[in-house]
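Chain identifiers are assigned alphabetically (A, B, ...) following the order of the sequence lines, protein sequences preceding nucleic acid strands; residue numbering begins at 1 within each chain.
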Amino acid sequence: MTRLAVIDFETTGISPGQGDRATEVAIVLLEDGQVVDRFQSLMNAGVRIPGFITQLTGISNAMLATAPSAAQAMADASRFVGPLPMVAHNAAFDRKFWQAELARIGIPAPQPYVCTLLLARRLYPQAPNHKLGTLVDLHRLPRTGQAHRALADAEMAAALLAHMQRDLRQRWNVAAPHCDVLLKLQSCTKAAVAKLLATAKHSIA
DNA sequence: TGCCAGGCCCTCTTTAGGGCCTT
């Protein structure tokens, strides 16, 4: 079994170090390329949402007024993920909110993070850009729900990851593109990955 | 007072700067 937890946060901004907080979290469990479970929750961290964020995400202060507390939502999310490796598009962003929100309630966040942005830059250098929506459209993957809502974006990231795993098997003959292989690919330089995929189709492990 | 992310990656590079990507 190779289970991964694909996560996406909606937040009040881009930096938890500057006081930004999560407003919604969604997690999709992916097993061998198939979605097997989902978790989604708005969360009330007791902060106001800037107007431009409401315009971007559709999440309003009124919606959060009746939402679970951030502490409750993050505790539930942590239980849902357990020790599974995690995946996100631009993982540095979601990882810092995952760690910051869990640190507030004293829960460790040791999970490794696979980054679909780093992988896409290595596997699809010809893409016009590497935004999540662009990559989903480029590979004709389904858009489910409203963009910039956590569950829709997590589902798209999961679909993108499953597509990349299929491509690694079919185009580059990587027999088992699981977590360890993905982490190795994203930690190599782009040039090293291109050489690896071109010359050593069976040796990535 | 004014400003405030940060890691990755490319290039007119490496004694640096700027675009990308996430909200």
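Remark: A/Arg38 engages A/Glu155 in a salt bridge, criterion side-chain N to carboxylate O under 4.0 Å. Ion pairing of A/Arg149 with A/Asp8 is absent here, as no side-chain N (NZ or NE/NH1/NH2) approaches a carboxylate O to less than 4.0 Å.
Here the separation of B/dT13 from B/dG18, taken at their P atoms, is 13 Å to the nearest Å. A distance of about 28 Å separates the C1' atoms of B/dG2 and B/dC8, rounded to the whole Å. Comparing the C1' positions of B/dG6 and B/dT1 gives a spacing of 25 Å, expressed to the nearest Å. Separation of the P atoms belonging to B/dC4 and B/dC9 is 25 Å when rounded to the nearest angstrom. Of the C1' atoms belonging to B/dG17 and B/dC12, the separation is 11 Å, rounded to the nearest Å.
Among the atoms of the strands shown, base atoms are found under 4.0 Å from some heavy atom of A/Gly13. At the heavy-atom level, A/Asp94 lies nowhere under 4.0 Å from the strands shown. A/Arg122 comes within 4.0 angstrom of the backbone, heavy atoms only, and of no base. Note on A/Phe97: nothing from the nucleic acid sits closer than 4.0 angstrom, heavy atoms only. Heavy atoms of A/Asn129 sit under 4.0 angstrom from primed sugar atoms or phosphate atoms, though from no base atom.
For A/Arg121 and B/dC20, a side-chain-to-base donor-acceptor distance below 3.5 Å is present, hydrogens and geometry of angles not being considered.
Closest to the A/Leu118 side chain, of the nucleotides B/dG6, B/dC8, B/dT23, is B/dC8. Closest to the side chain of A/Ser15, from the set B/dT23, B/dA5, B/dC21, is B/dA5. In this structure, the nucleotide among B/dT22, B/dT23, B/dC8 sitting nearest to the side chain of A/His89 is B/dT22. Candidate nucleotides B/dA5, B/dT22, B/dT23 were compared by shortest atom distance to the side chain of A/Gln18, and B/dA5 ranks first. Nearest to the side-chain atoms of A/His130 among the listed nucleotides B/dT22, B/dT23, B/dC21 stands B/dC21.
Regarding A/Glu10, its CD atom lies at a distance of 18 Å from the P atom of B/dC21, rounded to whole Å. Rounded to an integer number of Å, the gap from CG of A/Leu135 to P of B/dC20 is 15 Å. As rounded to whole Å, 21 Å separates atom C1' of B/dG6 from atom CH2 of A/Trp98. The distance between atom CG of A/Leu117 and atom P of B/dC8, rounded to the nearest whole Å, is 11 Å. Distance A/Asn90 CG to B/dC20 P: 14 Å, rounded to the nearest Å. We find that CZ of A/Phe9 is positioned 17 Å from C1' of B/dC21, with the value rounded to whole Å. Atom CE in A/Met156 sits about 13 Å away from atom C1' in B/dT22, given to the nearest Å. Between the OH atom of A/Tyr113 and the C1' atom of B/dC8 there is a distance of 18 Å, given to the nearest Å.
Aromatic ring centroids of A/Tyr124 and A/His130 lie 6.0 Å or more apart.
Using a 4.5 Å cut-off on side-chain heavy atoms (C-beta onward), A/Leu29 and A/Phe39 make no contact.
Of the options A/Leu64, A/Ile53, A/Val47, A/Asn44, a side-chain contact (heavy atoms from CB on, under 4.5 Å) to A/Thr23 is made by A/Leu64 and by none of the others.
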Worksheet item: What's the verdict on side chain to side chain donor-acceptor pair (under 3.5 Å) for A/Asp76 and A/Ser41, showing C-alpha distance, side-chain angles and the deciding distance?
Response: CA-CA 9 Å; A/Asp76 292 344; A/Ser41 181; over 6 Å; no
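Ranked by how close their nearest DNA chain B nucleotide is to the 5' end, A/Ile14 and A/Gln186 are led by A/Ile14. Comparing A/Lys96 and A/Thr57 against DNA chain B, the residue whose closest nucleotide sits nearer the 5' end is A/Lys96.
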